[in-house]
Amino acid sequence: MAPVIAAIFQEMSTWQLAVAWSAGYVALQFAERWAFRDILKPADLTSRRALVFLATILVSNISFAAFGLIEAYNGGTWGILAAGLLWSGALLNSALVSGSSQQALATAVAPPVLLFGTLPFFIVEAGGSLDAGLAILAGGLLNGIAVFAIWAGSRRLLVSAARERESARIALLDIDTGLPNRQAAERRVAERQRTFPDRRVIAAAIAINRFEHLHGAIGHGLMVALLREVAHRVATAHPAADVARLTARIIGAVWTAGDLEEARDALLRIQQAMKAPIMLGDYAVDVTVTIGLSDAADRSEAVPGADVRPLDRAMIAVDQAHAARVPIARFDPSLYGNPASNLSLMSDMLQALGNGQMSVHYQPQYDLGTGTVVAAEALIRWNHPLRGIIPPVQFVPMAEETGDIAAMTEWVLAQAIRDQRALAERGHSLAISVNFSGRLIADAEFATRVIDLAAGACGKLCLEVTETAIIGDPYVAAQTLQAFRTAGLSISIDDYGAGLSSLAYLKTIPADELKIDRAFVTNMAIDPTDRMLVRSAVDLGHSLGLRVVAEGVETMPALALLAAMRCDVAQGYLVARPMPVERLMDYLGDHRRAVLLSPPVEALAGAA
Ligand code: C2E
Ligand code: MG
Ligand code: MG
């Protein structure tokens with residue numbers, strides 16, 4: 001081998017040799033860099049720095065090789081040493097960007113040792129002087145020492161730089177799923193806004209429905225796998241999107257679209273991608289999502305008095321979609337309200353209970369069997385002196401957040417008991433239902449106060465609790481509800497079907513009544529799916545021994561169908577809208593025995 005190389009050396013001119021050798025050496029450097037690319041991770045190299053780095057290696061290697069070889073042939077020695085030192089400059093650069101590990105050191109030291117160790121031999125073989133060969137050897141050694149010194153000296157620096165790089169990387173990752181996190185997603189929004197000022201940057205929040213329920217059922221490990229799969233499907237459905245995990249249950253997607261129509265197409269694709277069940281091991285899990293959408297650049301989405309960023313808006317839109325019971329919603333600032341005014345509203349609330357701004361309206365409940373109004377639901381109303389009527393969907397959730405819900409509920413209950421007595425004095429004995437927030441269900445002290453208060457009632461009282469509240473902590477809920485029933489209060493499961501209904505939970509809830517959510521009832525006469533769902537809810541309620549109430553009855557055909565399904569009670573605008581107690585007295589005087597259905601109920605039974 002050696003004689004062959006020596007022969008080649010002899011055939012070539014000095015310059016040819018210099019070029020061939022340096023080219024070979026540079027190739028080796030790059031091959032080495034490629035082979036060890038996992039160890040030599042110039043992670044934070046911007047492309048310009050990477051170019052400078054490569055150019056330094058190239059220039060210093062070529063100059064060393066050319067200069068060194070010519071010198072070697074001419075019998076010079078100092079030139080070789082100088083060239084060797086020049087090359088150390090390139091190694092300094094390479095050590096700094098290579099990283100701190102010992103492998104990085106080895107890959108930096110090996111080439112000089114290898115080449116400087118063998119080259120003198122070839123040079124002497126080819127007729128060069130021994131001095132020149134020794135000089136090259138010395139140059140190689142010097143190089144090795146220099147690299148080691150650089151590595152040892154800068155090691156601490158390199159380690160901390162590597163740590164910094166790593167923590168910067170981790171700060172943008174979600175620890176559970178390894179997906180980019182919310183901060184990373186925020187950055188992507190800002191970057192896209194900078195890069196594409198003329199296009200729309202769309203932020204979408206894809207929330208997994210029934211997350212807590214699923215999490216409880218399948219455990220943390222599988223939930224993480226499920227989230228990863230959801231993120232994967234989003235990325236596959238819309239490859240141009242940046243996907244991240246925004247909160248425990250929300251996957252975010254950020255992309256750039258020409259117009260909202262295009263954005264909507266992408267959303268529909270994402271929604272479609274969730275249709276197939278997700279396989280977790282041997283099990284298939286059906287996952288549905290609710291999507292909130294926001295257009296980063298749209299000023300009309302801006303909320304007065306608050307800096308709500310695009311991803312926040314998308315997440316708020318998820319809540320808005322839930323409230324409107326639709327699968328996809330775009331952020332609506334009018335529903336979000338003005339945060340500053342919300343704040344003042346919260347501070348007004350407690351006072352409002354005492355100063356006559358709050359009142360209770362009653363909505364009659366119509367018994368389909370007897371054709372009489374047998375009960376009424378108490379619904380709170382707030383007539384604000386400056387803002388006018390504020391709907392309960394706006395302030396009840398706020399009261400739940402501030403804790404004022406306890407005072408509010410107690411106030412409504414006390415008012416309902418007074419009104420029930422006033423009604424009885426006018427000859428109308430009526431059961432009254434009062435809404436009982438899920439937030440209060442774990443409060444034992446409050447439960448005692450409710451029971452004490454209810455002891456003073458002259459008629460039947462019913463507490464309406466939503467199933468979502470019960471699922472939060474079914475054991476505590478069951479205990480509280482049982483205590484209420486023992487005290488003579490009846491319990492209604494409100495908004496049945498709207499939340500996380502589960503047959504298993506339903507069985508454990510001590511209740512007397514099942515109230516089917518109006519979302520299914522209102523259109524049941526025209527929507528066969530709704531009709532089927534209502535029918536199965538009625539049957540389910542009856543088989544659990546519960547009285548079944550349908551809320552949101554707006555039309556005669558719906559009422560007729562309910563009667564035919566043997567639903568027990570109907571509540572809705574068709575019967576009457578909620579009204580103050582004085583009006584209710586008049587109403588009962590006129591309509592108590594109103595026969596809403598002209599054909600007898602029995603005759604309708606076959607029609608359903
Ligand atoms: P909810 O308990 O499900 O009350 C029924 C809601 O449906 C009432 O809205 C009622 O006005 C409305 N409604 C009745 N019939 C129809 C109909 O035929 N069609 C339609 N589209 N809607 C109908 P409201 O009074 O705005 O109350 C909304 C929610 O606010 C209530 O839902 C309840 O969750 C809550 N809420 C109201 N008053 C109180 C209260 O005193 N305490 C608590 N904790 N929550 C309350
Ligand atoms: Mg209710
Ligand atoms: Mg309801």
Side-chain angles (χ1 to χ4, degrees), residues 322-325 349 352-353 357-366 373 375-383 389-417 419 431-441 443 446 450 453 461-470 490-499 501 511-525 530 534 537 548-559 562 569-581 583-584 596:
H322 280 310
R325 293 173 190 165
M349 192 144 35
L353 290 173
Q357 290 174 21
M358 298 272 192
S359 61
V360 178
H361 284 200
Y362 296 90
Q363 187 172 33
Q365 295 186 337
Y366 178 82
V373 172
E377 177 175 7
L379 295 159
I380 193 162
R381 294 290 176 263
W382 185 357
N383 192 355
I389 306 275
I390 305 170
V393 284
Q394 207 171 326
F395 66 85
V396 170
M398 250 186 234
E400 288 177 332
E401 290 308 320
T402 57
D404 292 342
I405 188 70
M408 199 194 95
T409 305
E410 206 172 325
W411 183 85
V412 172
L413 187 64
Q415 188 62 45
I417 290 170
D419 290 339
I432 306 267
S433 295
V434 172
N435 290 285
F436 190 86
S437 165
R439 292 290 172 108
L440 297 166
I441 212 150
D443 186 341
F446 185 72
V450 166
L453 209 76
L461 288 177
C462 173
L463 297 179
E464 294 190 2
V465 190
T466 55
E467 42 173 352
T468 338
I470 299 159
S490 51
I491 300 296
S492 172
I493 300 166
D494 201 358
D495 301 342
Y496 174 75
S501 323
D512 306 275
E513 180 182 287
L514 190 70
K515 233 177 145 173
I516 307 170
D517 193 72
R518 59 178 181 275
F520 307 104
V521 175
T522 306
N523 292 324
M524 64 182 284
D530 283 354
V534 171
V548 180
V549 181
E551 62 174 28
V553 182
E554 294 183 358
T555 60
M556 261 327 257
L559 190 80
L562 287 165
V569 177
Q571 178 183 343
Y573 294 164
L574 176 74
V575 179
R577 288 187 177 248
M579 58 188 106
V581 68
R583 284 244 311 277
L584 181 68
L596 288 167

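Quick note: numbers below take in every heavy atom, side chains included, and nothing from hydrogens, waters or symmetry partners. Both ligands and their constituent atoms are indexed starting at 1 by order of listing.
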Just distances here: any N/O of Gln571 and N/O of ligand 1 closer than 3.5 Å?
no
Phe436 and side-chain contact (heavy atoms from CB on, under 4.5 Å): which partner among Ile405, Asp494, Thr409, Leu413?
Thr409
Nearest protein heavy-atom contact for atom 3 (O) of ligand 1: which residue, which atom, what distance?
Asp495 OD1, 3.1 Å
Ranking Pro392, Ala399, Pro578, Ala378 by closest non-hydrogen atom to atom 30 (O) of ligand 1, top hit is Pro392
One finds that the ligand 1 atoms under 4.0 Å from a non-hydrogen atom of Asp494 are 1 (P), 2 (O), 3 (O)
Between the candidates Gln363, Arg381, Glu551, which shows the shortest non-hydrogen contact distance to atom 15 (N) of ligand 1?
Gln363
About how large, to 10 degrees, is the angle OD1 of Asp495, then the Mg ion (ligand 3), then OD1 of Asp494?
90°
Note the single closest protein heavy atom to atom 29 (C) of ligand 1, along with its residue, its atom name and the distance in Å.
Val393 CG1, 4.4 Å
Looking only at N/O atoms, are Thr522 and ligand 1 under 3.5 Å apart anywhere?
no
Heavy atom of Thr409 under 4.0 Å from ligand 1?
no
Would you compute the distance between atom CG of Leu584 and atom OH of Tyr362 and round it to the nearest 0.5 angstrom?
8.5 Å
So, for Cys462 and Ile491, which heavy atoms are closest and what is the spacing to 0.1 Å?
SG-C, 4.2 Å
Checking heavy atoms under 4.0 Å, the part of Val412 that sits near ligand 1 is side chain
Does Ser433 bring an N, O or S atom to within less than 2.8 Å of the Mg ion (ligand 2)?
no
For ligand 1, the portion of Asn435 having any non-hydrogen atom under 4.0 Å away
both
Got a second to check how far Ile380's CD1 is from Ile390's CD1, nearest 0.5 Å?
11.0 Å
Does the side-chain hydrogen bond (donor to acceptor under 3.5 Å, both in side chains) test come out yes or no for Ser492 and Glu513, once each step is laid out?
CA-CA 4 Å; Ser492 172; Glu513 180 182 287; 2.8 Å; yes
The atom of Glu377 among N, O or S that is nearest the Mg ion (ligand 2) is OE2
Under 4.0 Å from atom 9 (O) of ligand 1, can you find at least one protein heavy atom?
no
Between Asp419 and Ile432, does the side chain to side chain contact (heavy atoms under 4.5 Å, CB included) criterion hold? Intermediate values first, please.
CA-CA 9 Å; Asp419 290 339; Ile432 306 267; 5.9 Å; no
Protein non-hydrogen atom found under 4.0 Å from atom 45 (N) of ligand 1
yes
Provide the closest heavy-atom pair for Val521 versus Gly552 in the form atom of the first, atom of the second, distance.
CG1-O, 3.9 Å
For atom 38 (N) of ligand 1, grab the closest protein heavy atom and report residue, atom and distance to one decimal in Å.
Ile380 N, 3.1 Å
May I ask you to identify the nearest protein heavy atom to atom 18 (O) of ligand 1, giving residue, atom name and distance to one decimal place in Å?
Tyr573 N, 2.8 Å
Quick check on the Mg ion (ligand 3): does Glu464 put an N/O/S atom closer than 2.8 Å to it?
no
Who's the nearest protein heavy-atom neighbour of atom 20 (C) of ligand 1, and how far?
Glu554 OE2, 3.3 Å
Work out which heavy atom in Ala570 is nearest to a heavy atom in Val575; give both atom names and the distance.
O-CG2, 4.1 Å
Does a side-chain heavy-atom distance below 4.5 Å link Arg381 with Gln357?
no
Please find the pair of heavy atoms, one from Gln415 and one from Val360, that lie closest to each other, and give the distance.
CG-CG2, 3.7 Å
Atom 5 (C) of ligand 1 [closest protein heavy-atom partner, distance rounded to 0.1 Å]:
Arg518 NH1, 3.7 Å
Given the options His361, Gln365, Lys515, Glu377 meets side chain to side chain donor-acceptor pair (under 3.5 Å) only with Lys515
Roughly how far, to the nearest 0.5 Å, is OG1 of Thr466 from CG of Asp517?
10.5 Å
Does ligand 1 come near enough to Gly572 that some N or O of the ligand is less than 3.5 Å from an N or O of the residue?
no
Atom 42 (N) of ligand 1 sits nearest the protein heavy atom Met408 CE, 3.5 Å
Under 3.5 Å, side chain of Ser433 to main-chain N/O of Leu463, donor-acceptor pair present?
no
To check your reading of the model: name the closest protein heavy atom to atom 31 (C) of ligand 1, its residue, and the distance in Å.
Leu379 CD2, 4.3 Å
How about Glu551: does one of its N, O or S atoms come closer than 2.8 Å to the Mg ion (ligand 3)?
yes
